[in-house]
Structure formats: structure tokens, C-alpha cells
Amino acid sequence: MNLMMLLEMAASGFGERTAVGPQGRGLTYEQLFQRSGAVATRFRNTGIDRVSLVDVSSEALPIALFGSAWAGVPFVPLNYRLTRPELRHLAAEVAPSVTVCSDDALDAIGDLDGVRAVVRPDFLSHWAEGAAPDSDWNADPDEIAILLYTSGTTGAPKAAVLRHKHLVSYIIGSVEFMGAAEDEATLISVPPYHVAGLAAILSSVYAGRRIVQLPNFDADAWVSLVRAEGVTHAMVVPTMLSRIVDRLEEIGGGLPTLRALSYGGGKMPAPVIARALDALPQANFVNAYGLTETSSTVAVLGPEEHREAHRSDDPAVRARLGSAGRPLPAVEVDIRDEEGNPVPAGTSGEIWVRGEQVSGEYLGRDSRVTADGWFPTNDGGSLDADGFLYVEGRIDDIIVRGGENISPGEIEDVLLSHRSVVDAAAVGVPDEQWGEAVAAVVVAAKGQTVDVAELQEFVKGRMRSSRTPDRIEVRQELPYNETGKLLRRILRDELADSADKSG
């Protein structure tokens, strides 16, 4: 197994199709194959250990990705939004490398030992020139294909190891070869260092779908690009979808070419997905849950399940809009307690996953996969009697009040069910009496005013009093990173600091 197998099949099966860029003016699959081979030769001749990318999405991304697979070295996309010291630290850790980068990144890392920095224009115009060698890549499935650094929200970033067998297993198990029609195009607007963006490239190549890239997300630019390029498929994170729906409501008109819209990477507020289903009735919505360590998606809530839940009057069925759906056919999902024992349906615990696509490995560290193949994700959740997975957030985010474990997700779901709230986050803050107290931050819905006391009573009427937030703050927005993850640590620190000052 090698990622190049996917591209070789595409180039052989539909080489004349446009792979990346505008229809008829972008790179064809045959050209993508040839250029990947050309850069692979150059990578090998430099004697480097890795290929890195510090830049926004462009044609250089798939060329570098497949070229590194052909050359037999790991591909390592780095977060170009890191501070200069952080970026220099990771770039040095990745060395010796060829690093494809922007001009700004060149200024930050160009002087590092072992880093051969190549700006994007030179990479596309010089490195990608020339004939491709024979198809001589290493087919060892255990070779490392991609190293992806975690966001480091709870500590120093660590590199998740994705081997060729993990990624190829995921693609073959979830995508039909040449399953896309010639008019299909997918819009990728998540950054290159996010597993969803890389998985979308691999999926599109195997299916034969044209790739359209939006380097930096902006709701207006996203809507305009979908309309201009006739985009049929797209993936977004929840914060993106909220802004897209807002923009569509402002400017009017729909997105008639959009057939499929997947979302993931964070908790989707029920009001947002409900508005999106109304705004884009022709689109097939898919909620995809996965992790970097699982090569992307392990569970999906499909289009029909979205429609059924959206139009249902049954609270249990409608609640499925807040679920991650059911596991993929090739993946097993289990919920376990702190001792690693399976728990009954409807009981919260830690989400464990097993399957060929699951890595659970970090560079320079012991694998977290058990002897029988299970990976504990550190995500809390539950499975209902029908096999729907409900993700409750990171285990590390659990609030411990007076010895009672409280899931922030439970509180947030109740807060979001109030008509005046469009977004919410619950965290634990230090408390002398209880160890931790429950605090919440909410964002008011458009045209609504939040009455804090009334909202607290609303929560108390639906949950035990111990789970009612002792404090609720109203803000214009919550802090998210660019991949849609709520930055709870920032909220905890801010709320704890404000409590200290007020005390």
C-alpha cells in the first residue's frame, strides 16, 4: 500500500479529467501524476528525511503530498499560523527536510540548519518540471505517509503518525473508485495541516472529483467560489457553516449546484444545522466524526438521517441531529468506563475505536493502541440503543464539582435549546467549597437578549441544580481555532482570572 497507488489508478482511469483548479484550466490527473513524479526525483536527490509544507492550500499541496509518498519520505504540513518561535521549533524538529513555504515562512525558517526552504512559485515552476520516473515507490504499508502535529491545546504539540496502510484503508473502505461524475467538484477550505483537508484530497483523487481550494476561509468568498466553480461537494467546520448560513440569509439565493455538505471538527449547535437544512434543502448533509489518529472519519450521520431528524416531532429522533451518527462499516466503536470495561447503551464513558485505518501512534512515543487493536480516544460519549454515537467532548474537559463528574456537553445542549442562545460553552473554574464550579459563556441569538437569571432557571428546570451554571457571561463570540475546536482552556483561564479579580 502507498498513497501513490490512489493517484496512479486515477491517472490511468481518468487522466484527462481536471484534478485541481478551474475546470479545463487546472492540473489534470495525468499532470498531477507527472509532477508528483518529478518532485519525487528531486526529493530523493536532496537526501532529506521529510517533506514539509508551511503555506496555505494551493496546487503545491497535492504535488508535495504525492511526491513525498513517491519518494518514500513522510509529508509533514505545519501550521503556518504558529508564532515565529513555535514554527522554528517544529521546522527544526522536522529537519532535514525540503520545506515548501510562503515568503513569510521563508523569513521565519529559511536560515535553519537542515531546512531547504523552497517558496511556492519556485516549487511549482522548477521542482515540478521534468519527466516522472518509473513507478518505483515503496509499497510497504507500514512506511510513514504523513506526520500531523496536534494542536497542542493541552500541552506541547506531538506528531501523530499516519502510515500508508491507515490512509489507504480509510479511502478504500469509504470511497468508490471513479465514483464521481465528471461535473463534480469539491471545495476544500480547511487548512493543509488538518486531517480532514488531506483526507478530502485523497478521497477526491480516488473518486475522480475535481478539487477546488480556498486558501483562507471567508463566508462571502466561500459562497462566491461555490457559485463560480459549480461546486458540488464541500466540507466545513461548525463555525464556518454558521457564517455561511448568515451570509446566504443576507444576500439571498441558494447554492443550486451543492449536492453534498459534510461537517465536523467540533460540536455543531442544533440551531445552526437546522437553519442550514432549511437554507440548503437540496444538499445532502453528513456529520463526520473522527480524529487525526484515526485517519479522519470513523462515524457519520447521513443525509436521510438528517432529514428524518429535522422533520420529526419525536424528541428522541430529533435529538439525533446532535449525534455523530453510526460507525463506518470497517470501524468498531465502543464506550468504556475508566477501567476500560464496556458500558451499557445510553451510558457515558470514553469512546474507543478499532479498525485498519486507526493509528493511535505518536512519533517517538509508545502506541496507545491496545494489544487487541482498540484505541482510547480521550473523547467522552455514549451510544444509544440504535447505535447512534453522541460525542460529549474531551475527557480532560469534564467538570468535577464536589466529586461529581459533569459533562460540559450536557449543559451546553440545554443552553442551546433556549431561544435566546445561539452558541454556548460550559467549563469548570476553581472553587474553594466544591473544587470546581460550573461557569458558562453564551452568545445571544440574532435579535435576542439573554436574561442570565432566567437562563439559569431554564437550565435548573431541565437538569439537577448541581449542573446549573453558577455564573453565565454573555459575549459576542466564543474562541475557536481555525479548525473549529472550541478553546476551552482560554475560557477557563479568563473566567478564573475574572473571578480572582472580583473576589
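Keep in mind the model is a prediction, meaning the values are calculated, not measured. Atom set for the values below is all heavy atoms of this structure, side chains included, hydrogens, waters and symmetry mates excluded.
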Going through the distances and angles, do W374 and V358 end up as a side chain to side chain contact (heavy atoms under 4.5 Å, CB included)? CA-CA 9 Å; W374 286 97; V358 177; over 6 Å; no
Verdict with supporting geometry, L389 and I335, side chain to side chain contact (heavy atoms under 4.5 Å, CB included): CA-CA 9 Å; L389 175 65; I335 307 297; 4.1 Å; yes
Can you list the steps and then say if Y289 with T377 is a side chain to side chain contact (heavy atoms under 4.5 Å, CB included)? CA-CA 12 Å; Y289 165 71; T377 66; 4.1 Å; yes
Kindly determine whether K158 and L363 satisfy side chain to side chain contact (heavy atoms under 4.5 Å, CB included), including the steps that lead there. CA-CA 7 Å; K158 54 185 182 291; L363 192 66; over 6 Å; no
Could you please spell out the steps behind the salt bridge (Lys or Arg N to Asp or Glu O under 4.0 Å) verdict for D218 and R243? CA-CA 8 Å; D218 170 81; R243 292 169 188 169; over 6 Å; no
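Heavy-atom neighbours of E250 CD from other residues, nucleotides or ligands within 6.0 Å: above the threshold of 12. A 6.0 Å sphere centred on CG of D142 holds more than 12 heavy atoms belonging to other residues, nucleotides or ligands. Residue E410 qualifies as enclosed at atom CD: its count of foreign heavy atoms under 6.0 Å is above 12. Counting non-hydrogen atoms of neighbouring residues, nucleotides and ligands closer than 6.0 angstrom, the CG atom of D372 exceeds 12 such neighbours. Atom CD of E338 is surrounded by 12 or fewer heavy atoms from other residues, nucleotides or ligands within 6.0 Å.
Heavy-atom minimum distance, A309 versus R320: CB-CB, 4.4 Å.
Salt bridge absent: R401 and E404 never bring a charged side-chain N and a carboxylate O closer than 4.0 Å. Ion pairing between R394 and D396 fails under the 4.0 Å rule for side-chain N and carboxylate O. Checked for salt-bridge contact, E412 and R488 meet the test: a charged N lies under 4.0 Å from a carboxylate O. One finds a salt bridge joining D246 and R275 here, because a Lys/Arg side-chain nitrogen approaches an Asp/Glu carboxylate oxygen to under 4.0 Å. A salt bridge links R210 to E229: one of the charged nitrogens lies within less than 4.0 Å of a carboxylate oxygen.
Applying the side chain to side chain donor-acceptor pair (under 3.5 Å) test to pairs two or more places apart or on separate chains, those with a residue in residues 433-462 are H418-E454.
We find the CD1-CD1 distance between I188 and I201 to be 4.5 Å, quoted to the nearest 0.5 Å.
Remark: V443 engages V422, D423, L478 in a side chain to side chain contact (heavy atoms under 4.5 Å, CB included) (not counting sequence neighbours). Partners of Y80 under the ring pair (Phe, Tyr, Trp, His ring centres under 6.0 Å) rule, at least two apart in sequence or in another chain, are Y193.
Listed for the S417 side chain is a donor-acceptor partner under 3.5 Å among the backbone atoms of V414. Under the 3.5 Å distance criterion, the side-chain polar atoms of D470 are left unmatched by any main-chain donor or acceptor of A439. No donor-acceptor pair under 3.5 Å is formed between the side chain of T232 and the backbone N or O of R259. Between the side chain of S359 and the backbone N or O of L162 there is no donor-acceptor pair closer than 3.5 Å. In this structure, E361 contributes its side chain and S367 its backbone to no donor-acceptor pair below 3.5 Å. Side-chain N or O atoms of N287 include one that pairs as donor or acceptor with a backbone N or O of S323 at under 3.5 Å. The backbone N or O of A196 sits nowhere less than 3.5 Å from a side-chain atom of S296 that would complete a donor-acceptor pair.
By the 30° and 60° cut-offs, the orientation of the rings of Y263 relative to H306 is perpendicular.
Side-chain contact check for S312 and D314: no donor-acceptor pair (N or O, by modelled atom type) lies under 3.5 Å.
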